[in-house]
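Structure, as structure tokens:
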Number of protein chains: 2
Amino acid sequence: MRIGELAKQSGVSVRALRYYEEQGLLESERTPGGQREYESSAVDRVRFFQTLYSAGLSSRRIAELLPCIDTGGTTKEQQAMLQSEREALAHRMAELQEASARLDEVITASKARSL
Amino acid sequence: MRIGELAKQSGVSVRALRYYEEQGLLESERTPGGQREYESSAVDRVRFFQTLYSAGLSSRRIAELLPCIDTGGTTKEQQAMLQSEREALAHRMAELQEASARLDEVITASKARSL
DNA sequence: GTAGAACCTGACGCTAACGTCAGGTGCAAA
DNA sequence: TTTGCACCTGACGTTAGCGTCAGGTTCTAC
């Protein structure tokens, strides 16, 4: 598939896809004319990037994790990297729960006041 | 307290505090000489902002929510705003859990491979 | 009354993740 | 073979949340 189709199926912009390639996240074959050609598996890959992005990971971080993800990351450094990112995620989730709880306080307080 | 002290106690930079004021999040009295003076309650307020920031809320969004937070938000618009923000938070938490699960898959897969 | 730390207001710099031209090329259909 | 849409490569623009001068003032201590 070409880039427009991948963009449609994965729900991101064409510009974003070219950006991912620029950052070393996404590879593509080229047609004789120079246009990008993707395998259908690229759709899942891009969606995976979106998931990681929304979790607060940067392109650089994702690029660092990619070897682990693709090859299964068996070196100590890679496993440590995965672990530390996992812990960072847990930390972020705790922050979110904290924020959520604080918002709930505000909400219930305002409801009580409107009775 | 003055801005340096508030910065120290709340754990953010002086620049950040001035930025919050610029965005309408934080108010301050002024000494006759023009220096900012804060009440001790400002520490908690700033920490609250940090919590919301880390949860992915923008300054603009926080500024919109402030009236609800300070006065208890009783108008329908304000309650709706609180609710929608709460739902957005829940959505973000779900994304985090998804990402976390995906990372766990990678981690357990890599461990299995290294055995 | 003076040194020096802390403060002030601009104002420009920075990074990430794209958006958005501009100017030119590939490709599929009629 | 000529539309005309999709694609290409630069390259500059944008937003948020500050960092970082610069050049000047206030406050506190001695």
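These numbers were taken from a predicted model, which means no experiment stands behind them. Chain identifiers are assigned alphabetically (A, B, ...) following the order of the sequence lines, protein sequences preceding nucleic acid strands; residue numbering begins at 1 within each chain.
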Short side-chain N/O contact from B:Arg18 to OP1 or OP2 of C:dC8, under 4.0 Å: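 For B:Arg18, the contact criterion (side-chain N or O under 4.0 Å from OP1 or OP2 of C:dC8) is met.
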Applying a 4.0 Å non-hydrogen cut-off, can you work out what A:Arg61 is touching in the nucleic acid: base, sugar-phosphate, or nothing?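 The answer is nothing, as A:Arg61 stays clear of every strand by at least 4.0 Å.
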Under the rule for side-chain contact (heavy atoms from CB on, under 4.5 Å), what residues qualify as partners of B:Arg60, not counting sequence neighbours?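 For B:Arg60, the residues satisfying side-chain contact (heavy atoms from CB on, under 4.5 Å) (neighbours in sequence not counted) are B:Ser58, B:Glu64.
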Who are the side-chain contact (heavy atoms from CB on, under 4.5 Å) partners of A:Ala94, not counting sequence neighbours?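 None.
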For DNA chain C, which residues in residues 86-100 of chain B have a heavy atom at a distance below 4.0 Å?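 Going residue by residue through residues 86-100 of chain B, none turns out to have a heavy atom under 4.0 Å of DNA chain C.
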Using the test salt bridge (Lys or Arg N to Asp or Glu O under 4.0 Å), find all partners of A:Arg18 that sit at least two apart in sequence or belong to another chain.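 Not a single residue meets the salt bridge (Lys or Arg N to Asp or Glu O under 4.0 Å) criterion with A:Arg18.
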Is the backbone of B:Leu26 close enough, under 3.5 Å, to the side chain of B:Arg45 for a donor and an acceptor to pair up by distance?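 Checking the backbone N and O of B:Leu26 against the side chain of B:Arg45, no donor-acceptor pair under 3.5 Å is found.
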Checking [X] now: which residues fulfil side chain to side chain donor-acceptor pair (under 3.5 Å) with it, not counting sequence neighbours?
X	result
A:Arg36	A:Glu21
A:Tyr53	A:Ser59
B:Tyr20	B:Gln50

Rounded to whole angstroms, how far apart are [atom1] on [X] and [atom2] on [N]?
X	N	atom1	atom2	result
A:Arg30	C:dT25	CZ	P	16 Å
B:Glu22	C:dG10	CD	P	10 Å
B:Glu21	C:dC8	CD	C1'	11 Å
A:Ile3	C:dT25	CD1	C1'	15 Å
A:Leu6	D:dC7	CG	P	10 Å
B:Glu37	C:dA6	CD	P	16 Å

Protein within reach of the bases, or only the backbone? For nucleotides 15-27 of chain D, mark each nucleotide 5' to 3' as B, S or -, using heavy atoms under 4.0 Å. -SBBBB-----SS
Can you pull the side-chain hydrogen bond (donor to acceptor under 3.5 Å, both in side chains) pairs that have at least one residue in residues 96-106 of chain A, sequence neighbours excluded?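 side-chain hydrogen bond (donor to acceptor under 3.5 Å, both in side chains) check on residues 96-106 of chain A returns A:Ser100-B:Arg86, A:Asp104-B:Arg86.
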Supply the atom-to-atom distance B:Ile3 CD1 to B:Ser28 OG, rounded to the nearest 0.5 angstrom.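 Between atom CD1 of B:Ile3 and atom OG of B:Ser28 there are 7.5 Å.
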